[in-house]
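Only one structure is covered here, and it is reproduced in the block below.
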Amino acid sequence: MHAIHVASFGAPDVLTLVDLPDPVPGPGQVVVGMVAADVIFLDTLLRGGWGQDFFPRTLPYVPGGGGAGEVLAVGDGVDPGWVARSVVVRTETGYAERVVAGAEEIMPVPAGLAAVTAAALVHDGVTALGFHRLGAPQKGEWVLVSAAAGGAGTLLVQLAVDAGARVVAAASSDAKLALARDLGAEVVVDYTGADWVERVREATGGGASLVYDGAGGALGATSVDALADGGRFVTYGTADGFAAPDRESAARRDIRLLMPLMDGPPDQETARELLGLALESAAEGRLRPAIGATYPLARAADAHRALAARTTVGKSLLLMGGE
């Protein structure tokens, strides 16, 4: 089978297409023939050697964290009824035509939902629904979503709108802002402008009640200024490192700083619950992943370059069998 290998940490060029033996499932495992592999910004950080304390990777490794496909084989102790079923898989690899996973790491794709759509929710669906619970947007309140055209950001816009909130979407290009508006954002703001925070405060009548920071770094810290006193700040962005807002200033303004990524990824039980809800919502048409960029497996490096350059509009996926 074809797979992507990372033999040394570094730039996107270290993503190399290799031939590996077809995997064989052990006891309690399945082999999934992948249709689409999920690609998230975290993959680009791990490829560069970041985060070994939280996400250890032993070289060489096959990057990724799952996707969607069809069960090809099962090991001892696994119901053979899984064979030929369309599933999502959330595991520690993904950029390959076939992956081995524990039976507890797969879930059936709901009837009528395309595998590619399901793959787009494997991580961003879990992230968005988890942070939606944490932020708890209320009907009528203003919610700012930064990096609103990213995989998780597009879902958070939809979830906030569905909750009855009024959404301000911040992004960095006309195409990204157009996507956010199409998903229900009432106001869109280009956060590359020097006055973007003032524009948010003006549009919201003094500041948002809730901020979802998908950018991190200095931009994320600045977005706290777009909050009204007493607001909630949920940060998950890592493009420029974690946001580090002024805690003393936030405390004076009675702003709650919520940084869930500092606690590490969700446990498997929570991730399964949230993924199941995301898949159900997508199957019912209430949640729509905005898949903006697809690449064949051999072009994984191009997918990483686009994410790093922030030119991707919407979700990125690797498709197996593409040219």
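For clarity, every value in this text was computed on a predicted model and none was experimentally measured.
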Checklist entry - Would Trp50 and Phe9 count as a side chain to side chain contact (heavy atoms under 4.5 Å, CB included) if you check the C-alpha gap in whole Å, the side-chain angles of each, and the deciding distance to 0.1 Å? => result CA-CA 9 Å; Trp50 177 90; Phe9 296 120; over 6 Å; no
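- Val18 and Val24 fall into different hydrophobic clusters, defined by Ile, Leu, Val, Met, Phe, Trp and Tyr side-chain heavy atoms under 4.5 Å apart, directly or through other members.
- Residues Leu319 and Val35 share a hydrophobic cluster, clusters being chains of Ile/Leu/Val/Met/Phe/Trp/Tyr side chains in contact below 4.5 Å.
- In this structure, CG on Leu183 lies 5.0 Å from CD on Gln158, to the nearest 0.5 angstrom.
- Listed by first then second residue, pairs satisfying ring pair (Phe, Tyr, Trp, His ring centres under 6.0 Å) with a partner in residues 275-319 read Tyr95-His304, not counting sequence neighbours.
- Across every non-hydrogen atom of Ala169 and Ala185, the tightest pair is CB-CB, 3.7 Å.
- Pairing each heavy atom of Pro137 with each of Ala160, the nearest pair is CG-CA, 4.2 Å.
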Donor-acceptor contacts, no H, no angles, side chain residues 214-227, under 3.5 Å, sequence neighbours left out:
| from | atom 1 | to | atom 2 | distance (Å) |
| --- | --- | --- | --- | --- |
| Thr222 | OG1 | Ala218 | O | 2.9 |
| Ser223 | OG | Gly220 | O | 2.6 |

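- Atom CG in Leu144 sits 11.0 Å away from atom CG in Leu156 (nearest 0.5 Å).
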Checklist entry - After noting the C-alpha distance and the side-chain angles of Ile4 and Leu17, does the key distance pass the side chain to side chain contact (heavy atoms under 4.5 Å, CB included) rule? => result CA-CA 5 Å; Ile4 296 294; Leu17 187 69; 3.9 Å; yes
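- Both Ile255 and Trp142 belong to a single network of hydrophobic side chains, linked directly or stepwise wherever heavy atoms of I, L, V, M, F, W or Y lie under 4.5 Å apart.
- Glu280 is not listed as a side-chain neighbour of Pro110, based on a closest heavy-atom distance of 4.5 Å or more.
- Expressed to the nearest 0.5 Å, how far CZ of Arg57 lies from CG of Leu46 amounts to 5.0 Å.
- Crowding of Glu186 atom CD: a count of heavy atoms from other residues, nucleotides or ligands under 6.0 Å exceeding 12.
- Note that NE2 of His2 and CG of Leu20 are 9.5 Å apart. Values are rounded to the nearest 0.5 Å.
- Between Lys176 and Arg310, some side-chain heavy-atom pair lies under the 4.5 Å cut-off.
- Heavy-atom neighbours of Glu202 CD from other residues, nucleotides or ligands within 6.0 Å: at or below the threshold of 12.
- Screening Thr44, Asp13, Thr311, Thr312 for a side chain to side chain contact (heavy atoms under 4.5 Å, CB included) with Arg305, the sole residue that qualifies is Asp13.
- Ile106 and Leu72 are not part of a single hydrophobic cluster, where members link through side-chain heavy atoms under 4.5 Å apart.
- Put simply, the side chain of Leu258 reaches to within 4.5 Å of the side chain of Arg256, judged on heavy atoms.
- Rounded to the nearest 0.5 angstrom, Leu279 CG and Leu274 CG are separated by 11.0 Å.
- Nearest heavy atoms, Leu318 versus Ala303: CD2-CB, 4.3 Å.
- The local environment of CG in Asp19 is crowded, with over 12 non-hydrogen atoms from other residues, nucleotides or ligands closer than 6.0 Å.
- Sorted by first then second residue, the ring pair (Phe, Tyr, Trp, His ring centres under 6.0 Å) pairs that include residues 191-233, not counting sequence neighbours, number zero.
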Item to check | Trace of the side chain to side chain contact (heavy atoms under 4.5 Å, CB included) decision for Val74 with Val83 | outcome: CA-CA 7 Å; Val74 299; Val83 174; 4.0 Å; yes
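- Between Met1 and Pro23, some side-chain heavy-atom pair lies under the 4.5 Å cut-off.
- Distance check: Asp254 CG to Arg252 CZ gives 12.5 Å after rounding to the nearest 0.5 Å.
- Shortest non-hydrogen contact noted between Val31 and Pro25 is CG2-CD, 3.4 Å.
- In terms of modelled atom types and a separation under 3.5 Å, the side chain of Arg85 and the main chain of Glu70 share no donor-acceptor contact.
- Between the Asp267 side chain and the Thr270 main chain, a donor and an acceptor come within less than 3.5 Å of each other.
- By the rule that hydrophobic residues join a cluster once side-chain heavy atoms approach within less than 4.5 Å of another member, Leu15 and Ile40 end up as members of one cluster.
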Report, one line per pair, each donor and acceptor closer than 3.5 Å where one atom sits in a side chain of residues 111-130; sequence neighbours left out.
| from | atom 1 | to | atom 2 | distance (Å) |
| --- | --- | --- | --- | --- |
| His123 | ND1 | Asp38 | OD2 | 2.7 |
| Asp124 | OD2 | Lys315 | NZ | 2.8 |
| Thr127 | OG1 | His123 | O | 3.1 |

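- Counting only residues at least two apart or in different chains, salt bridge (Lys or Arg N to Asp or Glu O under 4.0 Å) contacts with residues 131-152 comprise Arg133-Glu273, Glu141-Arg232.
- Between Ala101 and Val89, the shortest heavy-atom distance links the atoms CB-CG2, 3.5 Å.
- Every ring-ring contact (aromatic ring centres under 6.0 Å, His included) that Phe131 has, sequence neighbours left out, goes to Tyr236.
- The nearest pair of heavy atoms linking Ala3 to Val62 is CB-CG2, 4.4 Å.
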